[in-house]
Amino acid sequence: MLKEEILKLKKERNAIILAHNYQVPEVQDIADFVGDSLELSRKASQVDANVIVFCGVKFMAETAKILNPDKKVLIPDLDAGCSLADSINLEQLRKWKSEHPNAIVVCYINTNADIKTECDYCCTSSNAIRVIQSIPEDKEILFLPDMYLGMWIKKQTGRENIHIWPGECHVHAGFRYEDLLRKMEENPDAEVMLHPECGCTTQCLYHFNGNVKVLSTSGMIRNAKESKSNKFIVVTETGILYPLKKASPQKEFIPADENAICKYMKMITLEKVFLSLKELKYEIDLSSEIIQKASIPIRRMLQIA
Ligand code: 13P
Ligand code: SF4
């Protein structure tokens with residue numbers, strides 16, 4: 001069976017399998033560790049194995065490589081990209097920086113490695129507020145590339161001097177406030193957990209600040225376990241439903257949109273994980289200059305939160 005073959009190869013290669021919370025269930029089940037972007041970066045910085053098979057999207061595997069330049073980092077499908085990471089390129093970033101020469105540049109972890117080389121700090125959905133709060137208040141900030149996350153940070157920190165890049169994730173941007181409102185009316189006893197990349201984040205905070213919890217993917221899993229509620233409306237990619245249910249089997253999870261599926265995350269299959277380990281493909285290859293420069297904002301983030 002494929003699963004046994006993978007486990008055998010994993011041992012032979014001295015490999016570790018890291019997987020994001022949106023991966024398909026069978027991939028999550030063979031992973032050594034499943035988590036959100038922050039947890040995966042932390043895990044990647046502590047890895048002992050020779051090979052890391054990263055089941056997620058490319059910017060995540062790149063982060064693992066940046067933190068482990070001497071290890072072999074593999075992604076089972078090189079086309080597993082991210083529409084949000086692709087919403088800004090180097091030329092656009094350099095032009096934006098030249099218009100704000102004194103600004104501190106903070107990038108979301110959902111950025112390609114070349115973009116990170118031009119940034120001062122990195123952040124994820126679970127530590128963005130803490131990273132921004134670590135920057136002196138009088139410093140102008142350029143935040144990129146997610147506008148909904150950026151607007152949430154701006155509201156939560158009360159900072160006016162944050163400029164936000166108008167990028168978005170094609171999956172999360174599609175969540176509409178009106179649809180969520182309908183789900184909430186149908187399920188008045190449910191708690192709402194929302195990812196800050198969602199297009200309806202600002203409206204939700206305006207209308208029900210306090211009643212909607214804005215959380216990273218692993219933040220949702222922890223919150224559901226600890227909460228007194230038994231029913232949750234989940235406003236993010238549907239892959240999260242599997243680890244939510246696994247961690248809290250007695251609770252009910254209702255997707256705000258059952259069609260919110262990241263096609264990039266779903267490109268990683270068990271078959272491709274097997275081939276990745278067997279043929280040691282596809283290796284993440286970054287120049288030493290990119291690794292050195294991109295590691296600065298990532299390491300600063302890991303020190304802060
Ligand atoms: P998390 O860090 O919350 O897991 O989010 C990653 C992501 O790509 C969300 O679309
Ligand atoms: Fe990127 Fe959106 Fe997919 Fe997350 S859900 S990996 S932000 S395209």
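Just the heavy atoms: all of them, side chains too, but no hydrogens, waters or symmetry mates, feed the values below. Remember, it's 1-based here, ligands and their atoms both numbered in the order they're listed. Residues: numbered from 1 along the sequence shown.
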Which atoms of ligand 2 sit under 4.0 Å from any heavy atom of H172? 5 (S)

Using a 6.0 Å cut-off, check whether atom NZ of K43 has over 12 heavy atoms from anything other than its own residue. no

Examine all N, O or S atoms of H170, backbone included, and report whether one is under 2.8 Å from atom 1 (Fe) of ligand 2. no

Nearest-contact summary for atom 2 (Fe) of ligand 2 - protein heavy atom, Å: C169 SG, 2.3 Å

Which ligand 1 atoms, with their elements, are less than 4.0 angstrom from a heavy-atom of S216? 3 (O)

Tell me the nearest of L215, N21, T217 to atom 4 (O) of ligand 1, using heavy-atom distances. T217

Check D257 with R176, please: is the shortest side-chain N to carboxylate O separation under 4.0 Å? no

Any idea which atoms of ligand 2 are less than 4.0 Å away from a heavy-atom of N110? 7 (S)

Please determine if N110 has a nitrogen or oxygen closer than 3.5 Å to a nitrogen or oxygen of ligand 1. yes

In D36, T217, T236, the residue satisfying side chain to side chain donor-acceptor pair (under 3.5 Å) with Y22 is T236

Near-ring test F54/H20, centroid separation under 6.0 angstrom: no

When you look for heavy atoms under 4.0 Å from ligand 1, do you find them on the side chain of H172, its backbone, both, or neither? side chain

Ligand 2 atoms nearer than 4.0 angstrom to some heavy atom of S83 are 8 (S)

Between the side chains of K116 and T111, does any donor sit under 3.5 Å from an acceptor? yes

Under a 4.0 angstrom heavy-atom cut-off, which atoms of ligand 1 come close to H195? 1 (P), 3 (O), 5 (O), 9 (C)

Which residue supplies the protein heavy atom nearest to atom 1 (Fe) of ligand 2, what is that atom called, and how far is it? C82 SG, 2.3 Å

Is the NZ atom of K97 crowded by more than 12 outside heavy atoms at less than 6.0 Å? yes

Taking the side chain as every heavy atom from C-beta outward, state whether P145 and Y108 have any pair of such atoms under 4.5 Å apart. yes

How far is atom 7 (C) of ligand 1 from its nearest protein heavy atom, and which residue and atom name does that atom have? E197 OE2, 3.7 Å

Out of all atoms in ligand 1, which are within 4.0 Å of some heavy atom of S125? Include the element for each. 1 (P), 2 (O), 3 (O)

Would you check, one step at a time, whether the test side-chain hydrogen bond (donor to acceptor under 3.5 Å, both in side chains) holds for K213 with N223? CA-CA 9 Å; K213 291 193 179 151; N223 177 67; 3.1 Å; yes

Do the rings of H172 and H195 sit parallel, tilted or perpendicular, given the 30° and 60° boundaries? tilted

E237: heavy atom below 4.0 Å from ligand 2, yes or no? no

Closest non-hydrogen atom pair, S229 against E191: OG-OE1, 2.7 Å

For ligand 1, is there an atom lying under 4.0 Å from some heavy atom of T124? no

For atom 3 (Fe) of ligand 2, closest protein heavy-atom neighbour: C262 SG, 2.4 Å

Checking a contact table here: which protein heavy atom is nearest atom 2 (O) of ligand 1, and how many Å away? S37 OG, 2.7 Å

Heavy atoms of A256 and F175 approach each other most closely as CB-CE2, 3.9 Å

